[in-house]
Protein chains: 2
Amino acid sequence: MPAEAKVDASSARQEPRPESRPDSPPLTQRQEARRRRILHASAQLASRGGFDAVQMREVAESSQVALGTLYRYFPSKIHLLVATMQDQLEHMHGTLRKKPPTGETAAERVAETLMRAFRALQREPHLADAMVRALTFADRSVSPEVDQVSHQTTAIILDAMGLERPTPEQLSAVRVIEHTWHSALITWLSGRASIAQVKIDIETVCRLIDLTAPGDARDAT
Amino acid sequence: MPAEAKVDASSARQEPRPESRPDSPPLTQRQEARRRRILHASAQLASRGGFDAVQMREVAESSQVALGTLYRYFPSKIHLLVATMQDQLEHMHGTLRKKPPTGETAAERVAETLMRAFRALQREPHLADAMVRALTFADRSVSPEVDQVSHQTTAIILDAMGLERPTPEQLSAVRVIEHTWHSALITWLSGRASIAQVKIDIETVCRLIDLTAPGDARDAT
DNA sequence: ATCAAGTCTGTAACTTGTTCTAGATTACCG
DNA sequence: CGGTAATCTAGAACAAGTTACAGACTTGAT
């Protein structure tokens, strides 16, 4: 059995994900595989049962890893679920990129994109529950990871807007859209708002985009 | 020692709070006092230490109540903290009512009011942490209570707008403002956004109000 | 091939939210 | 008053997140 070499720049990287996680120590293949098994188990358990069903002992068992190891990879349940969200978001961004939104205005395109994402979440409401609850419950110790999720979300929205160099005002609008997106998801997940309400809220907040760039929003795609 | 009579309509109610909690079984004076002690202890513990510092055993001890009794009054830590928030919100609404906002437009008045509330929260950031985290983490079993908080918040915002009969569009805008408010608080509490950022986000989202009623927003106070 | 350092495993212990129980106390009714 | 149902108390017990640790396995370098 040959020793597991670190995966460095000289070896062919099979996973098309050069960005996003500049891990301080590069992982061996087995470690990368463990990480992957853990995230998979996490998503699977979350898909049934939501937040509560993701139990650290079960994740460890499902991914065939000792509990201590699980905690070495993800220092808390919240870290694990936020990482799971990062993972899912990458998928999502890829999927969304394939079919760019068709709306005329930037506001329409953003709303369209978010509604598409929303429909995807509706297919796995328990998973959405686990991820979003973790995200909003995260305390300061998870800030870097939550920030990354936020940046990824921002990237998705800016993509939909078709902007290279957003103005500060536009960035403010995007931040507000993200606030609304997260909070609206929460109200939907906890049964306090209908799908239709979420749609309305998204469309309402997206109007802010037109407000920030009244005349020059149409140069995209 | 005379038996504690239920506080019913025939006895003078000393607390100026006839609305807000139509408790199915009316409470005796001692029960009302217990409830108050519990909420007080909860707020006190939250004020240092935040969410994690509110430990059910400590709340029980601080309020001189058995653990089982605490759970009879508030069926979970989340219920307790959401109730604490309701309590604080009532205070806040009263305080805010005394000095109505002075802005020209409805958007300005709402932003002014929210910033005033924000400054109040800044004085007790740990308490804010406990309440807001509980609010967004609450699951379906707490929906009625969370809804009440939401309604109270809506009332505050509509107050600031100076509206009696808001249009559906305006209500949508208010919902989006609340979303932004909660989510912006979270990002601030977890150290991912500065106070200045929160201010900008609030002002940004408040622009939606002008958007929903371009011509007739000025008839208040 | 072999050694030192780092990693993984299995397991027990600890913490805090939550539930349960038996026995006192209190509230309400006749 | 006296009885009964509801409530309260103290404390044990349970559940799931988290930590600790001893021993086995990997890794990287010689």
Side-chain angles (χ1 to χ4, degrees), chain A residues 1-8 11 23-35 37-38 42 45-46 49-82 130 133-134 137-139 141-142, chain B residues 1-8 10-11 23-35 37-38 41-42 45-46 49-82 130 133-134 137-139 141-142:
Chain A
M1 204 187 301
E4 306 172 22
K6 296 283 187 189
V7 176
D8 63 15
S11 71
D23 290 312
S24 314
L27 301 177
T28 66
Q29 290 181 329
R30 285 177 127 198
Q31 287 175 323
E32 186 58 38
R34 267 187 212 106
R35 199 189 129 87
R37 284 205 306 277
I38 293 171
S42 168
L45 287 170
F51 187 90
D52 293 333
V54 180
Q55 300 191 356
M56 298 304 267
R57 284 176 244 260
E58 289 216 25
V59 173
E61 190 175 355
S62 278
S63 46
Q64 296 182 281
V65 141
L67 192 55
T69 305
L70 173 53
Y71 273 95
R72 170 184 281 272
Y73 280 70
F74 302 99
S76 77
K77 173 171 173 172
I78 300 290
H79 281 85
L80 171 57
L81 284 173
V82 170
R133 296 259 294 284
F137 191 64
D139 67 0
S141 71
V142 203
Chain B
M1 204 189 301
E4 306 173 20
K6 297 282 189 189
V7 177
D8 63 13
S10 66
S11 72
D23 290 313
S24 314
L27 301 178
T28 66
Q29 291 181 327
R30 285 177 128 198
Q31 287 174 321
E32 186 58 39
R34 268 189 212 103
R35 197 189 130 88
R37 284 206 306 279
I38 293 171
S42 168
L45 287 170
F51 187 89
D52 294 334
V54 181
Q55 301 190 358
M56 298 305 268
R57 283 175 244 260
E58 288 215 26
V59 172
E61 190 175 355
S62 279
S63 47
Q64 296 183 284
V65 140
L67 191 55
T69 306
L70 173 53
Y71 273 95
R72 171 185 279 272
Y73 280 70
F74 301 98
S76 77
K77 173 170 174 173
I78 300 290
H79 280 86
L80 171 58
L81 284 173
V82 171
R133 296 260 293 285
F137 192 64
D139 66 0
S141 71
V142 204

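Below, read A as the first sequence line, B as the second, and so on, with proteins coming before strands; counting in each chain starts at 1. Because the structure is predicted, anything quoted here is derived from the model rather than measured. These numbers come from the heavy atoms of this one structure, side chains and all, not from hydrogens, waters or symmetry mates.
Residue A:Asp139 contributes atom CG, which lies 10 Å from atom P of D:dT18 at whole-angstrom precision. Between B:Glu32 atom CD and D:dC8 atom C1' there is a gap of 17 Å when expressed in whole angstrom units. What separates OH of A:Tyr73 from C1' of D:dT18 is a distance of 19 Å, to the nearest Å. One atom, CD of A:Gln64, and another, P of C:dT7, lie 22 Å apart when rounded to the nearest Å. Across the protein-nucleic acid pair, A:Gln29 atom CD and C:dT7 atom C1' stand 17 Å apart, rounded to whole Å. Per the geometry, CZ belonging to A:Arg72 stands 6 Å off P belonging to C:dC8, to the nearest Å. Here the C1' atom of nucleotide D:dT18 and the CG atom of A:Leu80 are 14 Å apart, to the nearest Å. Between the P atom of D:dA16 and the CD atom of A:Glu58 lies a distance of 8 Å, rounded to the nearest Å.
The shortest distance between side-chain heavy atoms of B:Met56 and B:Tyr71 falls below 4.5 Å. Residues B:Ser42 and B:Leu81 have side chains in contact (heavy-atom distance under 4.5 Å, counting atoms from C-beta outward). At least one side-chain heavy atom of A:Gln31 sits less than 4.5 Å from a side-chain heavy atom of A:Arg34.
The nearest pair of heavy atoms linking A:Ser62 to A:Leu45 is OG-CD1, 4.5 Å.
Among the atoms of the strands shown, none is found under 4.0 Å from any heavy atom of B:Phe74.
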Identify all pairs in which a protein N or O lies below 3.5 Å from an N or O of nucleotides 16-18 of chain C, and state each distance.
residue, atom, partner, partner atom, Å
C:dT16, OP1, B:Gln55, NE2, 3.2
C:dG17, OP1, B:Val54, O, 3.4
C:dG17, OP1, B:Lys77, NZ, 3.0
C:dG17, OP2, B:Met56, N, 3.1
C:dG17, N7, B:Arg57, NH2, 2.6
C:dG17, O6, B:Arg57, NH2, 2.9
C:dT18, OP2, B:Tyr71, OH, 3.0
C:dT18, OP2, B:Lys77, N, 2.8
C:dT18, O5', B:Tyr71, OH, 3.4
C:dT18, O4, B:Arg57, NH1, 3.3

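To the nearest 0.5 Å, atom CG of residue B:Leu70 and atom CZ of residue B:Arg57 are 11.0 Å apart.
Scored by the ring-ring contact (aromatic ring centres under 6.0 Å, His included) test, B:Phe137 finds A:Phe51, A:Phe137 as partners (sequence neighbours excluded).
The side chain of A:Gln31 contributes no N or O atom lying less than 4.0 Å from OP1 or OP2 of D:dT27.
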